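Working notes, beginning with the structure itself.
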Amino acid sequence: MTVMFWSIACVMALVALALVLRPLVRGGASRDARLDALERARRDGVLSDAEFAAKRDALGAEFPPPPPVPKPLVAALALALLAGSVGLYQFVGEPRAIGPGLATSTTAPPMEEAIPALVARLEREPEDLEGWLLLGRAYKQTQRFAEARDALANAIRISPDSTDAMVEYAESLALAAPDRRLGDESRALLGKALALEPEHQRGLWLSGIASLQDERYEDAVAVWDRLLAQLPPDSDVAESVREQIAQARARGGMPALAERVASPPENAETSAPTPIAGAEAPIDAAPADAGPRLVIEIALAPALAARIEPGDTLFVFARAPQGPKMPLAIQRIPVPSFPTTIVLDDSMGMMPALKLSQAAEVVVGARISKSGTAAAQRGDLEVISAPLTVATQRAPVKLVIDRVVP
């Protein structure tokens, strides 16, 4: 934009200089105008050649040709005019408007300018619910979280059953807290708001955040799935929600789409192994285009058998030996009886861009989680294999869970 501005400015300056300096170069304007009139009169037959010559000589005597202006003086005048134009613009114009320096302007942003007027209005109309909501949002946008909390408390005071007020106040309480967590009061407000308006989008979003902060990843995914169903599929907001769902699934050890393991029949023993589709079939029986499959045979060291408790969860996963520990494939099931067999393939990836078939080497792990989360916690039981080559791994991978996470 700066180049364009100066190009246009230079053209305009040159045109202006031509108009100003032309009389200096060509001579008197009055003489030229009268001479032109005489020329037209002769062409039109109004003046004879003798009359034209006489009047031209008289014109020359009245307006003698001016002495020529030296070219250096004309150039000096031109430069002076240009310099004066630039100086005048710098003095009375706004040079920052054409360059990156505009970003450093000390002019107050519109939100900061609007807040005092809104405060003054609420002093005159203290029962204006929408005014307090607007003020609270303005304070949040300007990072003044304690003031946002106080403003939104007034909104709750005026309308205790307003779902918007409850959700906004719940968020402001968290933002004003040192740890930025949604505490008991915020959760209670969100629960009440969603009971009154189950599809409140911001309420659903914050409710998912609260679950995520408590490491209740399945609850976060469930509530964000409800939110996602309301959003246009191709919108930026929907994409952001999908990313959060994927992260929650990753942190909770959940498959990307749904559980790939069937639930045990109602009449099955609690300790019976969970059936796994395809585990009984030979590894070479997979369709040619199904991608790589790893069959994992898992046993439990006898010394650790006494550590198994009801409610424990078994995670079996494959990930890259180095770099991010995001699983390329993962299964999550209630702890079965051992030994058991698990199959990992591309359908168990957590994200489309991270698949088992895209890795040359992986390590395979099995972890019995006490907390129900995929991330290793103190007291979990686990085993991690040595690196293996995905494309050539035909035999089952044999693992024995024999280690307690310190």
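Keep in mind it's a predicted model, so treat the numbers as computed, not measured.
- In this view, Ala210 and Leu182, Arg187 satisfy the side chain to side chain contact (heavy atoms under 4.5 Å, CB included) rule, not counting sequence neighbours.
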Practice problem: Decide yes or no on side-chain contact (heavy atoms from CB on, under 4.5 Å) for Leu228 and Arg242, but give the supporting numbers first. | Solution: CA-CA 7 Å; Leu228 190 61; Arg242 280 191 288 268; 3.7 Å; yes
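- Remark: Ile384 CD1 to Ile401 CD1 distance equals 10.0 Å, nearest 0.5 Å.
- When all heavy atoms of Phe145 and Lys140 are compared, the closest pair comes out as CE2-O, 3.6 Å.
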Exercise. Test Ile333 against Thr313 for side-chain contact (heavy atoms from CB on, under 4.5 Å), laying out the working first.
Key: CA-CA 6 Å; Ile333 62 173; Thr313 302; over 6 Å; no
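- Applying the salt bridge (Lys or Arg N to Asp or Glu O under 4.0 Å) definition to pairs two or more places apart or across chains, those involving residues 294-310 are Glu297-Lys398.
- Residues Ala318 and Leu294 share a closest heavy-atom pair of CB-CD1, 4.4 Å.
- In terms of the side chain to side chain contact (heavy atoms under 4.5 Å, CB included) criterion, residue partners of Ala305 (sequence neighbours excluded) are, by chain and number, Leu300.
- Judged as a side chain to side chain donor-acceptor pair (under 3.5 Å), and not counting sequence neighbours, the contacts of Glu199 are Gln230.
- We find the OH-OG distance between Tyr169 and Ser186 to be 8.5 Å, quoted to the nearest 0.5 Å.
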Self-check item: Verdict with reasoning, Leu173 to Leu189, per side-chain contact (heavy atoms from CB on, under 4.5 Å)
Solution: CA-CA 11 Å; Leu173 288 171; Leu189 287 165; 4.2 Å; yes
Result block: side-chain N/O donor-acceptor pairs under 3.5 angstrom for residues 219-227, not counting sequence neighbours:
from	atom 1	to	atom 2	distance (Å)
Asp219	OD2	Arg216	NH1	2.7
Trp224	NE1	Trp205	O	3.2
Arg226	NH2	Pro198	O	2.8

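- Closest of all the heavy-atom pairs between Ala366 and Phe317 is N-CE2, 4.3 Å.
- Annotation: side chain to side chain contact (heavy atoms under 4.5 Å, CB included) contacts of Leu194 (sequence neighbours excluded): His200, Leu204, Ser207.
- Here Leu356 contributes atom CG and Ile330 contributes atom CD1; the two are 12.5 Å apart, rounded to the nearest 0.5 Å.
- Annotation: side chain to side chain donor-acceptor pair (under 3.5 Å) contacts of Glu197 (sequence neighbours excluded): Thr163.
- For Asp380, there are no salt bridge (Lys or Arg N to Asp or Glu O under 4.0 Å) partners at least two apart in sequence or on another chain.
- For the atom pair CG of Leu135 and CZ of Arg121, the computed distance is 10.0 Å after rounding to the nearest 0.5 Å.
- Partners of Glu361 by salt bridge (Lys or Arg N to Asp or Glu O under 4.0 Å), not counting sequence neighbours: none found.
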Self-check item: side-chain contact (heavy atoms from CB on, under 4.5 Å) between Leu304 and Arg403, worked out
Solution: CA-CA 8 Å; Leu304 299 181; Arg403 175 178 175 270; 6.0 Å; no
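- Interatomic distance, CG of Leu381 versus CG of Asp402, reported as 10.0 Å (0.5 Å rounding).
- Looking at residues two or more places apart in sequence or on another chain, you find a salt bridge (Lys or Arg N to Asp or Glu O under 4.0 Å) between Asp161 and Lys192.
- Here the straight-line distance linking atom OG1 of Thr389 with atom CZ of Arg394 works out to 12.5 Å at 0.5 Å rounding.
- In terms of heavy atoms, Ile115 sits closest to Ala138 at CG1-CB, 3.9 Å.
- Ser159 meets the side chain to side chain contact (heavy atoms under 4.5 Å, CB included) test with Leu129, Ser162; sequence neighbours excluded.
- Screening residues 363-377 for salt bridge (Lys or Arg N to Asp or Glu O under 4.0 Å), with sequence neighbours left out, gives Asp312-Lys370, Arg367-Glu382.
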